[in-house]
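For reference, the structure is listed below as structure tokens.
Sequential numbering from 1 along the given sequence is applied to the chain's residues. Please read these numbers as outputs of a predicted model, since none were measured by experiment. Note that ligands are numbered from 1 as they come in the structure, with each ligand's atoms numbered from 1 the same way.
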Amino acid sequence: MPTFKQLIHDATEQCMKIDLPEQTALTYLVELTQQQRVDLYMNMNLEVPKDVLEKFNAGLVRILNHEPMQHVLGYSWFYGYKFNVNSNVLIPRPETEELVSYILSRVDEMFPNQNITAVDIGTGSGAIAIAVANEEKHINMYATDISVEAIEVAKENAKINEAQVEFLVGDMLQPIIDKGIKVDVLISNPPYIPSKETLESSVVDYEPHVALFGGDDGLKFYRTIFENCKKIVKEKSFMAFEMGWDQRISMLNLVHEYLPNAEAEVLQDINGKDRMLFVYFK
Ligand code: SAM
Ligand code: GLN
């Protein structure tokens with residue numbers, strides 16, 4: 001049997017040959033050993049137990065085939081919480097953790113210690129809704145998705161993370177409009193990739209297209225939301241969106257067109273890319 005150190009070395013070489021990130025093999029092995037409660041860093045020079053080695057090798061074949069590691073593991077981490085994922089939901093992205101953190105700080109500023117209602121439109125794995133609901137107990141949280149399969153995964157994740165979220169299936173704002181719910185905060189990370197854009201195979205071959213593509217210019221879902229949001233947002237409220245790094249001008253133009261009296265702010269992610277749009281009704 002190889003030692004952990006040799007295993008990481010050899011697997012990393014294979015990953016780098018096909019341009020996977022250098023950390024891939026190590027990250028995968030850290031997850032597998034944590035499941036077995038083995039402290040990898042203290043045991044680098046020990047031989048890898050047979051069962052771990054077999055599991056690692058079987059998963060590595062899939063990873064080398066460009067299948068996302070999170071699918072091989074069956075879960076992903078988001079804002080410190082564990083989320084089950086499968087091919088019916090988008091794997092939650094690190095940029096979206098930044099969106100959650102800005103939402104929490106804006107809630108503190110605009111609604112300090114108040115009980116408020118929020119909705120996450122297109123919740124997928126439930127990542128945003130569950131993280132926000134667990135971090136801010138004053139929020140009464142709803143989440144919607146058009147995909148019944150995604151909502152099943154999201155419900156499972158709410159249970160695992162003991163989050164109080166009410167899930168509804170339906171098209172964009174419709175389930176919230178139908179129930180007559182009014183919200184203080186509207187959140188959405190809708191599909192925003194233009195239909196014709198080419199994506200890496202780990203994304204386009206394994207992640208649901210209903211979670212990725214937002215029409216010809218990628219902006220179709222923002223238009224729908226801006227057009228209808230007044231039916232569900234309260235007079236004093238805000239909306240928080242994730243967006244594509246190159247959509248700043250078109251997004252600000254859309255806000256101006258549909259919501260001329262609102263205040264808009266585009267925020268950058270940790271890589272300095274335009275990534276979030278906040279719209280305030282004060
Ligand atoms: N909120 C999750 C996150 O941030 O990781 C998932 C975001 S994913 C980019 C977009 C989600 O919108 C997918 O879960 C997809 O099923 C959902 N969706 C697509 N079209 C929709 C529609 N017409 N109405 C509601 N949800 C929709
Ligand atoms: N950030 C995702 C990607 O690059 C897309 C998410 C979205 O469309 N909202 O694959």
Legend entry - NZ-OG1 distance between K179 and T144, expressed to the nearest 0.5 angstrom: 12.5 Å
Legend entry - Carboxylate-amine/guanidinium contact R93 D269, below 4.0 Å: no
Legend entry - P190 N/O to ligand 2 N/O under 3.5 Å: yes
Inset, instruction - Any chance you could measure K282, atom NZ, to F238, atom CZ, to the nearest 0.5 Å? - result: 10.5 Å
Legend entry - Distance, nearest 0.5 Å, that separates CD1 of I151 from CG of L168: 7.5 Å
Inset, instruction - Heavy-atom contacts with P191 under 4.0 Å: which atoms of ligand 2 show up? List them by number with element. - result: 8 (O)
Legend entry - Over 12 non-hydrogen atoms of neighbours within 6.0 angstrom of NE2 in H138: yes
Inset, instruction - Any chance you could measure Y28, atom OH, to F56, atom CZ, to the nearest 0.5 Å? - result: 7.0 Å
Inset, instruction - Return the residue, atom name and 0.1 Å-rounded distance of the protein heavy atom closest to atom 8 (O) of ligand 2. - result: Y192 N, 3.0 Å
Inset, instruction - Mark up the atoms of ligand 2 that fall under 4.0 Å of a heavy atom belonging to R93, in ascending order. - result: 2 (C), 3 (C), 10 (O)
Inset, instruction - Would you mind checking which non-hydrogen protein atom is closest to atom 5 (C) of ligand 2, with the distance to 0.1 Å? - result: I193 CD1, 3.8 Å
Inset, instruction - Working to the nearest 0.5 Å, report the span between NZ of K182 and CD1 of I177. - result: 8.5 Å
Legend entry - V48 with M42, same ILVMFWY side-chain cluster at under 4.5 Å: no
What does the N/O contact table under 3.5 Å look like for ligand 1?
residue, atom, partner, partner atom, Å
ligand 1, 1 (N), G122, O, 2.9
ligand 1, 1 (N), T123, O, 3.3
ligand 1, 4 (O), N189, ND2, 2.9
ligand 1, 14 (O), G124, N, 3.4
ligand 1, 14 (O), D145, OD2, 2.7
ligand 1, 16 (O), D145, OD1, 2.6
ligand 1, 16 (O), D145, OD2, 3.4
ligand 1, 23 (N), D171, OD1, 2.7
ligand 1, 24 (N), M172, N, 2.8
ligand 1, 26 (N), I146, N, 3.3

